[in-house]
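Here's the structure, in structure tokens; my notes come after.
First listed ligand is number 1; within each ligand, the first listed atom is number 1.
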Amino acid sequence: MTEAILRVEGLTKHYGGLQAVRGVSFDVAPGTITGLIGPNGAGKTTTFNMIAGAQKPTAGKVYLSGRDVTGLQTNQLYHQGLLRTFQLSHEYGKLSSLENLMVAGANQTGENIFMNWIASGRVKQREQQVLEKAHDTLEFLGLTHVTNELAGRLSGGQKKLLELGRTMMSDARLILLDEPGAGVNPTLMLKVADMIRKLNEERGYTFCIIEHDMDLIASLCKETIVLAEGQVLTKGTMEAIRQDERVIDAYFGGDVVE
Ligand SMILES: Nc1ncnc2c1ncn2[C@@H]1O[C@H](COP(=O)(O)OP(=O)(O)OP(=O)(O)O)[C@@H](O)[C@H]1O
Ligand SMILES: [Mg+2]
């Protein structure tokens with residue numbers, strides 16, 4: 001069996017008395033697209049935050065390709081091939097679309113002033129590569145017409161595409177997407193789904209996706225994990241999950257008035 005690119009073991013997060021995540025364990029196999037669903041407040045984003053080093057787990061472990069990375073910072077994880085996007089778009093509003101992508105592409109090499117000074121030739125060459133890749137990425141996303149537009153002025157859907165573009169600029173192997181479809185119209189949503197599929201198939205990225213749109217998850221993911229009240233309720237295909245009484249209860253149980 002191939003080693004999991006991501007393994008989460010007993011991940012737990014308490015905020016004071018609130019147990020947001022309670023002993024969550026799952027594996028993500030390399031080259032797959034795995035869904036993470038569950039009702040509002042189930043602990044999905046908190047789980048991502050702990051995996052991505054944005055929040056320290058109260059307990060539990062995170063492994064990337066077998067290596068214990070629990071408690072590492074986001075930028076250290078980035079260098080180990082892990083990248084996450086945010087539930088709300090996260091662009092630099094005062095930079096253009098092109099510049100946003102270039103920043104994402106340049107960050108990963110850890111270039112600094114010292115490098116610039118001792119190896120200016122090499123950096124220039126690298127800048128040129130990053131520039132070309134940024135243009136290619138904009139074309140891939142259908143955003144060439146907003147190349148020089150300030151990212152802060154893009155529509156919500158365009159910002160989502162730009163966010164995907166930032167992942168394409170990196171050499172990440174594992175990408176955590178938090179609600180890539182949020183605020184995106186259905187047509188654009190299909191496009192975002194296509195992009196994710198293409199990045200998975202053609203470029204070998206592994207994805208783990210939080211999403212409330214069940215159809216999107218069903219079309220992309222072979223394996224989906226259902227979280228409810230901070231725990232893994234079940235895992236499997238969306239086909240099986242949709243018929244699971246416990247899942248229906250978790251989404252609607254207790255809250256349905258009529
Ligand atoms: N920084 C925080 N401080 C205190 N409580 C928090 C914090 N972040 C999240 N929580 C709580 O933890 C629980 C899980 O939140 P989380 O954001 O992980 O849910 P989610 O599954 O991503 O929900 P949604 O689908 O609405 O995005 C919620 O009850 C939330 O109020
Ligand atoms: Mg969330």
Q: Examine Thr46 and say whether one of its N/O/S atoms is closer to the Mg ion (ligand 2) than 2.8 Å.
A: no
Q: Counting heavy atoms only, name the option from Gly43, Gly230, Ala228, Pro39 that's nearest to atom 19 (O) of ligand 1.
A: Gly43
Q. Among all residues two or more places apart in sequence or in another chain, which pass the salt bridge (charged side-chain N to carboxylate O under 4.0 Å, His left out) test with Arg173?
A. none
Q) Taking only residues two or more places apart in sequence or in another chain, which ones pass side-chain hydrogen bond (donor to acceptor under 3.5 Å, both in side chains) with Gln76? A) none
Q | For Glu179, atoms of ligand 1 separated by under 4.0 Å from a heavy atom | A | 25 (O), 27 (O)
Q. At their closest point, which heavy atom of Ile209 faces which heavy atom of Ile217, and how far apart are they?
A. O-CD1, 3.8 Å
Q) Does Lys13 approach ligand 1 within less than 4.0 angstrom via side chain, backbone, both or neither, non-hydrogen atoms only? A) neither
Q: Have a look at Thr46, Val21, Thr47, Leu227 and point out the one with the heavy atom closest to atom 16 (P) of ligand 1.
A: Thr46
Q.
Looking at every non-hydrogen atom in both residues, tell me the closest pair between Leu141 and Gly165 and how far apart they are.
A. CD1-CA, 3.6 Å
(Q) For the 3.5 Å polar cut-off, considering only N or O atoms, please tell me whether Ala20 and ligand 1 meet it. (A) no
**Q.** Atoms in ligand 1 flagged as close to Asn40, the criterion being non-hydrogen separation under 4.0 Å
**A.** 23 (O), 24 (P), 25 (O), 26 (O)
Q: For atom CD of Gln55, decide whether the heavy atoms of other residues, nucleotides or ligands shown that lie under 6.0 angstrom number more than 12.
A: yes
Q: Return yes if some donor-acceptor pair links the side-chain N/O of Thr74 with the main-chain N/O of Ala52 below 3.5 Å, else return no.
A: yes
Q | Ile210 contact mode with ligand 1 (heavy-atom cut-off under 4.0 Å) | A | neither
Q. Any donor and acceptor pair, going by atom type alone, linking the side chain of Thr46 with main-chain N or O of Ala20 inside 3.5 Å?
A. no
Q. Does at least one non-hydrogen atom of Gly38 fall below 4.0 angstrom from an atom of ligand 1?
A. no
Q | Whether Asn200 side chain and Gly31 backbone form a donor-acceptor pair below 3.5 Å | A | yes
Q: Could you say whether the N/O atoms of His212 and ligand 1 ever approach to under 3.5 Å?
A: yes
Q) Hey, does Ala42 come in under 3.5 Å of ligand 1, counting only N/O atoms on both sides? A) yes
